[in-house]
Amino acid sequence: MASIAHIIPRTLKGFRDYLPEAMIPRERLMETARQVYRSYGFSPIDTPALEYLDILTGKGSEETDRQLYRFQDHGGREVGMRFDLTVPLARFAAQHINQLGTPFKRYQIAAVWRGENTQRGRYREFMQCDFDTLGTRAVAADIETALVIHDLLQAIGFSRFTIRVNHRMVLNGLLERLGLVKHATAVLRALDKLGKMAPDKVAAEMAATAGTSAAQARQVLALSELSGSNAEILQQLVPLVSGSDLGEQGVERLAEILAGVASAGVAAERICLDVSIARGLDYYTGTVFETFLDDLPAIGSVCSGGRYDELTATYGKRDLPGIGASLGLDRLLAAMETLGMIAPVRTPAAVLVAFFDAQRMGDYLQLAAQLRSAGVGVEFYPEPRKLGQQLKYADQRGFRLAVIAGSREFEAGQCQVKDLQTGESQLCSLAHRAEAVVAAIRAVTA
RNA sequence: GUGGCUGUAGCUCAGUUGGAUAGAGCAUCAGAUUGUGGCUCUGAGGGUCGGGGGUUCGAAUCCCCUCAGCCACCCCA
């Protein structure tokens, strides 16, 4: 006997299998995102998982370059796996924008890969649901981006979340006044830690990485002392950036965004001006967004984005501004899981048709087909096993209803529609393509 | 990439100072129960104790390496 090589089945660190229980809510989320994006006029596109390496490098940050999965393909080409959907979009737009026209609004739901250390809600392969508007600098696009984030989270079922908004030009304006523009990245990175680190520690980091003086650090950190309502913070921001065109424009822009979002009917507590939000990605130039769940802020931002007005410049195309955001589907799912928002459903169909009378398979198949053509999801149990076992199966999988018919029912032209939650069942006529059965099912599942 | 904690059946966990064929509950399958699920009872299957090496007469237990998960840093969805 030849010995069989035994290979241990396993998955790579940070990569996961998705069982039905996980995949059903996951697909539901994607469906919700699609619906919301489409309702704003975003069109679907897709791009390859692999790109030429030079398309991807130097666009996000040093960190994303380090996390990039890269290798040589069989033709010796240097390639990389996309680490987000925004950089590929910039390449896509630089190639096709003349056919697309502007403004161009697209959404893309696809996996991305980052070779970083894992944690709850942080994986090496994860799904992003991006939407972006290219070709306009209009503030309406910034406002709409916030509105989409808001509608999306509401449609998913969240009521307690906060969209944090800031503007890179406010930060850059302040840095311009202080003569720190050259060290912007280092200063902003330190500033970003204000939520977690004491201000004097942040100042120390700034001094170390950006060479700021004590006075400069104090002025940057003055941002952290701003408090109050959005309007009050805006007011306090004015003197901090006065004299800097950039900064003044940024403050004005933020005011317009907050006003616009309010006119669309978004509750004031859902959106919050937070001047410490800088975001680590280098390509952002204007408005930036992060979205936190009030009940689980530790998991991090579940939907982030911002304005990037110069991303296509590196591909030789000038003047193609863009703004958009990305829903972190797998992170959000991890959050919903720990918040107990995921129902343990293991079937996507509502109804199980029991295979009861072994002589009548054709009748069951006909009934199931009739229900499906009326739009009802139906699973037909494949073996004529004991009814009790079939009901147990239905119960465990989370079917809402069972349709039961034996010779007694068939002879009367009827079947039972059993509600598995209440245990009650009613007799329905099979006449007219089982319309009475469909109606009884609808009454429960609607 | 750095540091800390953890790893025993599909899941949650017991397992004495290192001691004999490694246990329980839940889940799965079968039966009690050939026209009605969730309860009950009976029985069965399922483990190279994450993997590899070392110490020892003897390792689930101690040591080293490795893999994976969780947490923090970093960064981010």
Side-chain angles (χ1 to χ4, degrees), chain A residues 6 8-16 19 21 29 33 60-67 83-86 109-130 149 185 188-190 192-193 196-197 201 205 209 277-282 284 288-293 298-305 325-335 338 344 346 352 354-358 381 384-410 415-425:
Chain A
H6 196 84
I8 298 163
R10 54 189 188 146
T11 50
L12 247 15
K13 180 184 173 75
F15 290 72
R16 301 167 302 152
L19 274 57
E21 248 172 318
L29 272 194
S61 64
E62 285 172 34
E63 188 65 24
T64 53
D65 282 1
R66 235 174 292 137
Q67 294 174 354
F83 62 86
D84 75 358
L85 299 177
T86 305
I109 298 176
V112 303
W113 298 270
R114 293 180 195 173
E116 66 173 331
N117 235 339
T118 56
Q119 242 173 73
R120 176 148 210 79
R122 299 177 74 156
Y123 311 103
R124 290 183 171 175
E125 175 181 63
F126 58 96
M127 193 70 82
Q128 291 198 324
C129 308
D130 274 40
I149 296 173
T185 306
L188 294 183
R189 200 150 286 167
D192 212 36
K193 293 175 191 165
K196 303 173 191 168
M197 262 161 76
K201 289 252 178 80
E205 179 171 329
T209 61
I277 298 279
R279 312 222 12 88
L281 293 173
D282 295 342
Y284 290 118
V288 287
F289 298 103
E290 294 198 343
T291 311
F292 291 89
L293 302 177
I299 202 140
S301 173
V302 295
C303 189
S304 308
S326 179
L327 180 76
L329 186 112
D330 289 296
R331 176 172 288 183
L332 189 67
L333 230 29
T338 66
R346 285 149 70 190
L352 181 80
F355 192 171
F356 189 18
D357 184 339
Y381 198 85
R385 306 223 309 189
K386 280 187 285 187
L387 194 54
Q389 288 179 346
Q390 297 190 43
L391 286 172
K392 194 173 178 188
Y393 171 85
D395 193 44
Q396 288 164 338
R397 294 299 155 113
F399 283 93
R400 195 54 233 287
L401 295 155
V403 168
I404 302 166
S407 51
R408 230 150 56 201
E409 285 84 359
F410 278 122
C415 72
Q416 285 182 49
V417 175
K418 185 179 176 92
D419 184 325
L420 292 168
Q421 273 170 30
T422 65
E424 288 163 16
S425 72

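Every heavy atom of this structure was used, including side-chain atoms; hydrogens, water molecules and symmetry mates were not. Just so it is clear: chains get the letters A, B, ... in the order the sequence lines come, proteins before strands, and each one is counted from 1.
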### Task
For B:C62 and B:A9, measure between their C1' atoms and round to the nearest Å.
25 Å

### Task
Select base, sugar-phosphate, or nothing to describe what A:Arg385 touches, counting heavy atoms under 4.0 Å on all strands.
sugar-phosphate

### Task
Figure out the CZ/C1' separation between A:Arg66 and B:U2, and round it to whole Å.
12 Å

### Message
Whole angstroms only, please: what is the CD-P distance between A:Gln67 and B:A77?
### Response
10 Å

### Query
Quantified in whole Å, what is the C1' atom distance between nucleotide B:C49 and nucleotide B:A59?
11 Å

### Message
What contact category does A:Gly388 fall into here, base, sugar-phosphate, or nothing, at under 4.0 angstrom with non-hydrogen atoms?
### Response
sugar-phosphate

### Watson-Crick or G-U counterpart of B:U28, or none if no pair lies under 3.5 Å
B:A44

### Message
Closer than 3.5 angstrom, by distance alone: can the side chain of A:Ser301 be matched with the main-chain N or O of A:Glu290 as a donor-acceptor pair?
### Response
no

### B:A77 base / A:Glu290 side chain donor-acceptor hit below 3.5 Å
no

### Task
Among the candidates B:A32, B:G38, B:U2, find the nucleotide nearest to the side-chain atoms of A:Asp395.
B:G38

### Query
Do A:Asp130 and A:Asp84 have side chains that get closer than 4.5 Å, going by heavy atoms?
no

#### Entry: Whole-Å distance separating the CD atom of A:Gln389 from the P atom of B:G37
11 Å

### Task
Indicate, with a heavy-atom threshold strictly under 4.0 Å, whether A:Tyr393 touches base, sugar-phosphate, or nothing.
nothing

### Message
Say we look at B:G4 and B:G19: how far apart would their C1' atoms be, to the nearest angstrom?
### Response
33 Å

### Message
What I want to check is whether an N or O donor and acceptor connect the side chain of A:Arg122 with the base of B:C75 at under 3.5 Å.
### Response
yes

### Query
Considering heavy-atom distances to RNA chain B, does A:Ala298 or A:Leu12 have its closest nucleotide positioned more toward the 5' end?
A:Leu12

### Query
Is there a donor and acceptor pair, one atom on the side chain of A:Glu409 and one on the base of B:G35, closer than 3.5 Å?
yes

### Gap in Å between the two P atoms, one belonging to B:G54 and one to B:G58, rounded
12 Å

### Query
With sugar-phosphate meaning primed atoms plus P, OP1 and OP2, does A:Glu116 contact a base, only sugar-phosphate, or nothing at under 4.0 Å between heavy atoms?
base

#### Entry: Side chain proximity check, A:Ile109 to A:Leu327, heavy atoms < 4.5 angstrom
no

### Query
Between A:Glu125 (CD) and B:C76 (C1'), how many Å, whole number?
17 Å

### Task
Looking at every strand, decide which applies to A:Asp65 at a 4.0 Å heavy-atom threshold: base, sugar-phosphate, or nothing.
nothing

### Task
Scan every strand shown for a Watson-Crick or G-U wobble partner of B:U34, both distances under 3.5 Å, and answer none if you come up empty.
none

### Query
Whole Å only: how far is the CG atom of A:Leu391 from the P atom of B:G38?
9 Å

### Message
Measuring to OP1 and OP2 of B:A72, would you say a side-chain N or O of A:Gln119 lies under 4.0 angstrom away?
### Response
yes

### Message
Students often get this wrong, so: under 4.0 angstrom with heavy atoms, is A:Thr291 touching a base, only sugar-phosphate, or nothing?
### Response
nothing

### Query
Quantified in whole Å, what is the C1' atom distance between nucleotide B:G25 and nucleotide B:U21?
22 Å

### Query
Given the C1' atoms of B:G1 and B:C57, what is the spacing between them in whole Å?
44 Å

### Query
Counting side-chain heavy atoms from CB outward, which of B:C71, B:G31, B:A77 is closest to A:Lys386?
B:G31

### Query
CG of A:Leu332 versus C1' of B:A77: gap in Å, rounded?
10 Å

### Message
Quick one, A:Leu352 and A:Leu401 - any side-chain contact, counting heavy atoms below 4.5 Å?
### Response
no

### Task
Mark this stacking check for A:Phe356 against B:G35 as yes or no, applying ring centres under 5.5 Å and ring planes under 30°.
no

### Query
Less than 3.5 Å between a donor and an acceptor, one on the side chain of A:Arg331 and one on the base of B:C76, is that the case here?
yes

### Query
When you check the phosphate oxygens OP1 and OP2 of B:U28, does a side-chain N or O of A:Gln396 lie under 4.0 Å from one of them?
yes

### Query
Does any non-hydrogen side-chain atom of A:Tyr123 lie less than 4.5 Å from one of A:Arg16?
yes

### Task
Describe the nucleic acid contact of A:Gly115 in one word from base, sugar-phosphate, nothing, applying a heavy-atom distance below 4.0 Å.
nothing

### Query
Contact class for A:Asn117 (heavy atom, under 4.0 Å): base, sugar-phosphate, or nothing?
base

### Task
Report the base-pairing partner of B:C62 (Watson-Crick or G-U wobble, both distances below 3.5 angstrom), or none.
B:G54

### Query
Heavy atoms under 4.0 Å, any strand shown: does A:Thr118 hit a base, just sugar-phosphate, or nothing?
sugar-phosphate

### Task
Can you tell me, in whole Å, how much space there is between the P of B:G3 and that of B:C74?
16 Å

### Message
Do A:Arg400 and A:Leu420 have side chains that approach each other closer than 4.5 Å (heavy atoms only, starting at C-beta)?
### Response
no

#### Entry: Neighbour count above 12 (heavy atom, 6.0 Å) for A:Glu62 CD
no

### Task
Would you kindly give the CD-to-C1' distance between A:Glu21 and B:A27, to the nearest whole Å?
12 Å

### Query
So which nucleotide does B:C73 pair with, by the Watson-Crick or G-U wobble rule with both distances under 3.5 Å?
B:G1

### Query
Quantified in whole Å, what is the P atom distance between nucleotide B:G47 and nucleotide B:C11?
13 Å

#### Entry: Donor-acceptor under 3.5 Å (A:Arg331 side chain, A:Gly121 main chain)
yes

### Message
I need the CZ-P distance between A:Arg408 and B:U34, as an integer number of Å.
### Response
16 Å

### Summary
Pairing partner of B:A68, by Watson-Crick or G-U wobble and under 3.5 Å for both distances, is B:U6

